[in-house]
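Notes follow once the structure below has been shown.
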Amino acid sequence: MNDSYLNFVNSPFGARLARSLGLPKPEVLRRYRADRPEFDGMVAIGAGREPHLLDTLATLVTSIGVTSVAHGSAGLWVPLANRHGLMTGRFEAAEAGSPGKLTALLFDASGIEDSTQLEPLHGFFHDTLRSLGKCGRIIVLGRPPEACTTPRAWTAQRALEGLTRSLGKEARRGVTANLVYVAQGAEANTEATLRFFLSPRSAYVSGQVVRIGSAGGTRLPAFDWQQPLAGRRAVVTGAARGIGASIASVLAAEGAHVIGIDIPSAREALESTMQQLNGTALAFDIAAPEAPAHIAAALDELGVDIVVHNAGITKDKTIAKMTDAAWQNVIDINLGAQERIDDALLAGGILRDGGRIVAVSSISGIAGNLGQTNYATSKAGVIGRVQSMAPHLHARGITINAVAPGFIETQMTAKIPLAIREAGRRMNSMSQGGQPVDVAQTIAWLAHPGSAGVSGQIVRVCGQSLIGA
Ligand code: NAD
């Protein structure tokens with residue numbers, strides 16, 4: 001789907017008109033392109049008292065090859081940061097406010113243990129936010145509040161959520177702001193997540209809180225950052241079109257062999273998509289009673305490493321007008337089929353140890369939606385599945401997570417009446433709908449071998465939508 005308003009206000013004439021009429025001007029988001037550097041420019045680093053994650057940040061900065069500068073207002077910790085080999089310079093007061101100078105702002109708040117210690121956050125973002133360029137990135141790092149040993153520390157760490165979400169709303173210009181809670185001992189599992197949130201791959205992910213914990217299983221596999229999924233096999237349901245086709249394409253670009261599943265009536269589109277990706281097409285209705293056994297049989301010989309439950313349908317009506325069939329059909333395809341397929345793949349050991357399950361939920365499953373009792377029930381159920389299964393799969397090193405898309409430009413959202421569609425597009429911090437690739441890239445991060453410490457999480461891909469926020 002084409003967002004004509006976004007295109008218009010980013011044309012020379014449209015930009016002038018929007019300025020003179022005071023209309024909102026959504027930014028053209030910078031998205032990942034293989035022919036452009038993924039990371040560049042200068043990142044500013046700030047920290048609160050006794051930061052624990054400076055080594056982690058130093059590793060990241062070296063690994064992605066960006067320049068880092070220390071923020072002077074953090075005073076005492078500058079020599080400390082130097083000891084970590086982090087800084088090549090210092091972000092001076094004179095530079096503060098120079099637009100576009102910085103590509104990211106990173107703040108290590110992991111040592112903050114009391115609300116009286118929150119002030120450096122104000123100092124850092126007060127001085128640096130205006131210097132952050134278009135489509136810049138903000139990442140705040142903390143410790144999971146629930147793991148803190150005192151109520152004061154829990155309180156102060158929990159407070160970081162309000163700060164981060166507000167920064168996402170204030171920054172505009174395509175800037176994203178996200179909070180990453182790193183459990184003690186899980187520092188080695190953070191790089192894939194920090195890379196994702198710093199990269200143009202996370203263009204439409206903002207206002208999110210992600211927890212990184214210990215990796216389950218026995219060993220972390222070696223991988224290459226350019227082709228992290230090389231040698232891995234990924235199943236994607238609903239892969240013939242829309243978000244599913246984009247997921248298949250991104251996973252294949254990362255090196256995976258993709259097995260796409262879709263209904264028999266979509267066979268032609270599915271086969272054409274899979275052919276372009278050197279993948280395999282399986283025409284199955286995932287809700288058919290025999291589907292789990294057939295899918296398991298088709299995958300049995302070579303096994304599978306990644307399962308993406310993307311297929312989903314809507315049959316919207318207010319509940320008084322909703323037929324029993326419309327209710328049942330939506331629950332069955334969007335939720336029941338996922339449960340049955342996972343049961344078959346897990347019981348048969350077809351999903352290998354160290355595997356990844358990613359399910360597609362929706363912000364409707366978080367907020368509820370008029371006319372979508374069936375859909376929202378199914379999508380909230382997906383969240384429950386992820387939360388309940390994660391601890392059981394940990395010992396085998398299998399992670400399970402969900403993405404909850406907001407308004408994404410696909411054939412599904414093209415069916416929405418114009419006025420509601422326009423509201424869905426604009427009611428978020430990016431003032432625009434997302435693209436299928438935004439969901440696909442988020443799934444690729446969760447499917448990444450380096451995301452072993454990320455499990456049981458629900459990540460919204462919604463441009464920080466006001467719905468359900
Ligand atoms: P879409 O309708 O464009 O594509 C869905 C695909 O799933 C189709 O190819 C369809 O044939 C397939 N499918 C449907 N029922 C199936 C079945 N029984 N067996 C096998 N395949 C089946 O939808 P989309 O917009 O690409 O949505 C993909 C997922 O994202 C869905 O789960 C949807 O609920 C979710 N989602 C979408 C949005 C959005 O804004 N588009 C927002 C939130 C969540």
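The chain is numbered in sequence order, starting from 1. Heavy-atom basis, side chains included; hydrogens, waters and symmetry copies ignored. Both ligands and their constituent atoms are indexed starting at 1 by order of listing.
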Minimum-distance protein heavy atom relative to atom 31 (C) of ligand 1: Asn310 O, 3.2 Å

Under 3.5 Å: donor-acceptor pair, side chain of Asp262, backbone of Ala240: yes

Proximal ligand 1 atoms for Thr413, defined as those under 4.0 Å from one of its heavy atoms: 39 (C), 40 (O), 41 (N)

Which of the ligand 1 atoms, numbered from 1, are nearer than 4.0 Å to a heavy atom of Gly242: 26 (O)

Region of Glu409 that comes within reach of ligand 1 [heavy atoms, distance under 4.0 Å]: neither

Nearest non-hydrogen protein atom, atom 38 (C) of ligand 1: Gly406 O, 4.0 Å

Heavy atoms of other groups near Glu290 CD, more than 12 under 6.0 Å: yes

Enumerated ligand 1 atoms positioned under 4.0 Å from heavy atoms of Asp285: 17 (C), 18 (N), 19 (N)

Interatomic distance, Phe284 atom CZ to Ile341 atom CD1 [nearest 0.5 angstrom]: 10.0 Å

Ligand 1 N/O within reach of Ser361 N/O, cut-off under 3.5 Å: no

Heteroatom distance test (Tyr375, ligand 1): nitrogen or oxygen, under 3.5 angstrom: yes

Sub-3.5 Å N/O-N/O distance, Val360 and ligand 1: no

Minimum-distance pair of heavy atoms, taken over all atoms of Ala183 and Gly213: CB-CA, 4.2 Å

Any Thr237 heavy atom less than 4.0 Å to ligand 1: no

Glu38 bridged to Arg201 by N-O distance under 4.0 Å: yes

Residue part near ligand 1, for Asp262, under 4.0 Å between non-hydrogen atoms: both

Expected output: side-chain Thr413 to main-chain Ile408 donor-acceptor under 3.5 Å: yes

Nearest-neighbour protein heavy atom for atom 2 (O) of ligand 1, which is reported as residue plus atom name and distance: Arg241 NH2, 2.7 Å

Close N or O approach (Ile408, ligand 1; < 3.5 Å): yes

Residue, atom name and distance, where the atom is the protein heavy atom closest to atom 19 (N) of ligand 1: Ile286 N, 3.0 Å

Distance-minimising heavy-atom pair for Ser63 and Glu191: OG-OE2, 2.6 Å

Residue part near ligand 1, for Thr410, under 4.0 Å between non-hydrogen atoms: side chain

Over 12 foreign heavy atoms within 6.0 Å of CZ, Arg173: yes

Atom 26 (O) of ligand 1: nearest protein contact (heavy atom, Å): Ile243 N, 2.8 Å

Backbone or side-chain N or O of Ile363 under 3.5 Å from ligand 1 N or O: no

Closest approach of any protein heavy atom to atom 7 (O) of ligand 1, naming residue and atom: Gly238 CA, 3.4 Å

Which segment of Ile263 sits under 4.0 Å of ligand 1 when only heavy atoms are counted: both

Residue and atom name of the nearest protein heavy atom (relative to atom 5 (C) of ligand 1), distance in Å to one decimal: Gly312 O, 4.0 Å

Side chain to side chain donor-acceptor pair (under 3.5 Å) between Ser361 and Arg460, intermediate numbers included: CA-CA 9 Å; Ser361 177; Arg460 295 166 55 133; over 6 Å; no

Residue from Thr314, Asn329, Asn334 passing side-chain hydrogen bond (donor to acceptor under 3.5 Å, both in side chains) with Ser378: Asn334

Atom indices of ligand 1, in the order listed, that fall short of 4.0 Å to a heavy atom of Phe284: 19 (N), 20 (C)

Distance filter under 4.0 Å to Ala311 heavy atoms, resulting ligand 1 atoms: 7 (O), 13 (N), 21 (N), 22 (C), 32 (O)

Full working for salt bridge (Lys or Arg N to Asp or Glu O under 4.0 Å) between Lys415 and Asp316: CA-CA 11 Å; Lys415 288 190 298 188; Asp316 296 357; over 6 Å; no

More than 12 heavy atoms of other groups within 6.0 Å of Glu146 CD: yes

Close N or O approach (Gln411, ligand 1; < 3.5 Å): no

Aromatic plane relationship, His448 with Phe223 - under 30° parallel, 30 to 60° tilted, over 60° perpendicular: perpendicular

Within 6.0 angstrom of Gln227 CD, more than 12 heavy atoms from elsewhere: yes

Atoms of ligand 1 close to Ile313 [distance to a heavy atom under 4.0 angstrom, numbered from 1]: 14 (C), 15 (N)

